[in-house]
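Numbers here simply count residues along the sequence, with the first being 1.
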Amino acid sequence: MLTESSPVQLNSSAHAEDNGSVHPTAIIHPSARLGKNITIGPWTLIDADVEIGDNTWIGPHVVIRGPTRIGRDNRIFQFSSIGEMPQDQKFKGETTWLEIGDRNTIREFCTFNRGTFQDKGVTRIGSDNLFMAYVHIAHDCHVGNHTIFANNASLAGHVVVEDYAILSGFSGVLQFCRMGAHSFASMGSMIDKDVPPYVRVSGYYAKPYGLNTVGLTRRGFSAETIRCLQRAYRIIYRRSLLVKDALLELEKMLGVCPEVQPLIDVIQSSERGIVR
């Protein structure tokens with residue numbers, strides 16, 4: 001592990017030849033593997049066992065600890081901490097990982113932690129995500145693609161956030177919960193149960209407030225499909241049905257609206273229960 005007194009390393013054979021711009025004050029471990037056309041700002045520290053893909057831009061005063069794999073075309077802004085050890089008292093220094101996909105934007109002061117052996121040992125971030133300033137991704141979280149985390153949104157450990165989900169500013173998700181695809185959490189929401197796909201939640205603790213119709217429309221869902229999902233929402237939340245009876249009603253809809261299947265899946269598989 002590098003420290004502030006470690007020598008600056010810029011010309012290791014592990015580094016790609018066609019780096020765009022590496023500031024002379026950047027501290028890069030000789031074993032770090034950098035792709036082509038990488039930009040690294042002043043006083044950034046890149047540790048051992050870090051791999052960074054082509055065309056990635058890293059600002060000043062960023063710390064990237066390993067083992068961490070970062071894909072291509074990412075942008076990581078100043079003062080972010082990427083791949084640091086998990087904030088978990090059970091962690092005893094085991095080798096665990098952080099994996100980040102492609103084309104993500106990680107703004108100022110974000111903190112992404114590695115996984116733990118109590119789970120699968122890896123924190124995994126997909127591609128095309130926007131993480132605004134001060135976002136925290138804890139150990140063992142899995143974040144999909146095309147998500148948006150507004151300022152100060154935070155995930156506790158072992159959380160799953162599926163594709164196109166949006167967490168507004170100062171929202172938080174408790175450990176082992178799931179945010180379904182295309183779901184939306186309003187500002188300051190505290191989520192302590194699973195949020196089904198397509199659903200909009202708000203409050204402390206979060207409650208459902210209909211579908212994320214704006215997001216669904218932007219993602220190209222047809223008006224007919226949205227009406228079908230609204231009917232499914234009413235079956236789950238407005239008809240006071242037993243779970244088994246609600247599932248039977250939802251299954252009847254699959255022939256005309258296969259988009260209902262993710263709602264069935266979350267009800268059947270949820271361990272914490274869904275928001276009510």
> Heavy-atom distance under 4.5 Å between the side chains of I236 and I274, does that happen here?
Replying inline: yes
> Can you check whether I70 reaches I76 side chain to side chain, under 4.5 Å on heavy atoms?
Replying inline: yes
> Tell me, do P67 and T95 make a side-chain contact under 4.5 Å, heavy atoms counted?
Replying inline: yes
> Say you draw a straight line from CG of L174 to OG of S154; how long is it, rounded to the nearest 0.5 Å?
Replying inline: 11.0 Å
> Step by step, would you call M179 with L155 a side chain to side chain contact (heavy atoms under 4.5 Å, CB included)?
Replying inline: CA-CA 10 Å; M179 285 281 296; L155 304 184; 5.9 Å; no
>> Show the nearest heavy-atom pair for residues P86 and G115, with the distance to one decimal.
In response: CG-O, 3.5 Å
> Just by modelled atom types, is the D192 backbone N or O under 3.5 Å from a matching donor or acceptor in the R272 side chain?
Replying inline: yes
>> Quick check against the 3.5 Å criterion: does T123 have a side-chain atom that pairs as donor or acceptor with the backbone of N113?
In response: yes
>> One pair to check against salt bridge (Lys or Arg N to Asp or Glu O under 4.0 Å): R69 and E99. What are the steps and the verdict?
In response: CA-CA 5 Å; R69 305 288 178 267; E99 298 178 357; over 6 Å; no
> What do the steps show when you test H142 against H158 for ring pair (Phe, Tyr, Trp, His ring centres under 6.0 Å), and what is the final call?
Replying inline: CA-CA 7 Å; H142 287 192; H158 315 278; 9.6 Å; no
> Side chains of M85 and F91: does their closest heavy-atom pair fall under 4.5 Å?
Replying inline: yes
> Is there a donor-acceptor pair closer than 3.5 Å between any side-chain N or O of D102 and the backbone N or O of R72?
Replying inline: yes
> Hey, does the side chain of D194 reach the backbone of R178 with a donor-acceptor pair shorter than 3.5 angstrom?
Replying inline: yes
> Which heavy-atom pair separates C177 from I191 by the least distance, and what is that distance?
Replying inline: SG-O, 4.2 Å
> Any donor and acceptor pair, going by atom type alone, linking the side chain of Y134 with main-chain N or O of F109 inside 3.5 Å?
Replying inline: no
>> Run E249 and K252 through salt bridge (Lys or Arg N to Asp or Glu O under 4.0 Å) and show every step you take.
In response: CA-CA 5 Å; E249 292 294 318; K252 293 176 184 177; 3.4 Å; yes
> Any donor-acceptor pair under 3.5 Å linking the side chain of R114 with the backbone of G83?
Replying inline: yes
> Does S189 reach the side chain of V173, with side-chain heavy atoms less than 4.5 Å apart?
Replying inline: no
>> Donor-acceptor pair, distance only, cut-off 3.5 Å: does the side chain of N104 make one with the backbone of N129?
In response: yes
>> Is there a side-chain contact between S31 and D49 in this structure, where contact means two heavy atoms from C-beta onward sitting under 4.5 Å apart?
In response: no
>> My understanding is that only one of F112, F131, F170 makes a ring-ring contact (aromatic ring centres under 6.0 Å, His included) with F149; could you say which?
In response: F131
> Between Y198 and H182, how do the two ring planes meet: parallel, tilted or perpendicular, split at 30° and 60°?
Replying inline: parallel
>> Restricting to non-hydrogen atoms, name the atom on P196 and the atom on S183 that form the minimum distance, rounded to 0.1 Å.
In response: O-CB, 3.8 Å
>> For a side chain to side chain donor-acceptor pair (under 3.5 Å) check, start with the C-alpha distance between N37 and D54, then their side-chain angles and the critical distance, and finish with the verdict.
In response: CA-CA 6 Å; N37 195 33; D54 297 348; over 6 Å; no
> Do other residues, nucleotides or ligands put more than 12 heavy atoms under 6.0 Å from W43 CH2?
Replying inline: no
>> For the OH atom of Y237 and the CG atom of L211, what is their distance to the nearest 0.5 Å?
In response: 10.0 Å
> Is the closest side-chain donor-acceptor distance between R103 and S127 under 3.5 Å?
Replying inline: no
> Which of these, P208, S186, S168, sits in a side chain to side chain contact (heavy atoms under 4.5 Å, CB included) with S202?
Replying inline: S186
>> With a 3.5 Å distance limit and no angle check, can you tell me whether D140 reaches the backbone of G157 through a side-chain donor-acceptor pair?
In response: no
> Hey, what do you get for CD1 (I28) to CD1 (I46), rounding to the nearest 0.5 Å?
Replying inline: 4.5 Å
>> Determine whether a donor-acceptor pair (N or O, by modelled atom type, separation under 3.5 Å) exists between the side chain of S80 and the backbone of F77.
In response: yes
> Side-chain contact, heavy-atom cut-off 4.5 Å: R200 with Y209?
Replying inline: yes
> Heavy-atom count around Q268 CD within 6.0 Å, excluding the residue itself: above 12?
Replying inline: yes
> Does the side chain of I264 reach to within under 4.5 Å of the side chain of L254, using non-hydrogen atoms?
Replying inline: yes
> Is the side chain of T44 donor-acceptor paired with the backbone N or O of H61 at a distance under 3.5 Å, no angle test?
Replying inline: yes
> Please walk me through it: do I106 and V62 pass side chain to side chain contact (heavy atoms under 4.5 Å, CB included)?
Replying inline: CA-CA 11 Å; I106 301 170; V62 174; over 6 Å; no
> Of the options L45, I100, I52, D47, which is the one that meets I64 in a side chain to side chain contact (heavy atoms under 4.5 Å, CB included)?
Replying inline: I52
>> As a quick check of understanding, evaluate side chain to side chain contact (heavy atoms under 4.5 Å, CB included) for I267 and L250, giving each step before the final call.
In response: CA-CA 11 Å; I267 293 172; L250 294 173; 3.9 Å; yes
>> side chain to side chain contact (heavy atoms under 4.5 Å, CB included), that's the test. Do L229 and R234 meet it? Break it down for me.
In response: CA-CA 9 Å; L229 292 174; R234 289 192 292 271; over 6 Å; no
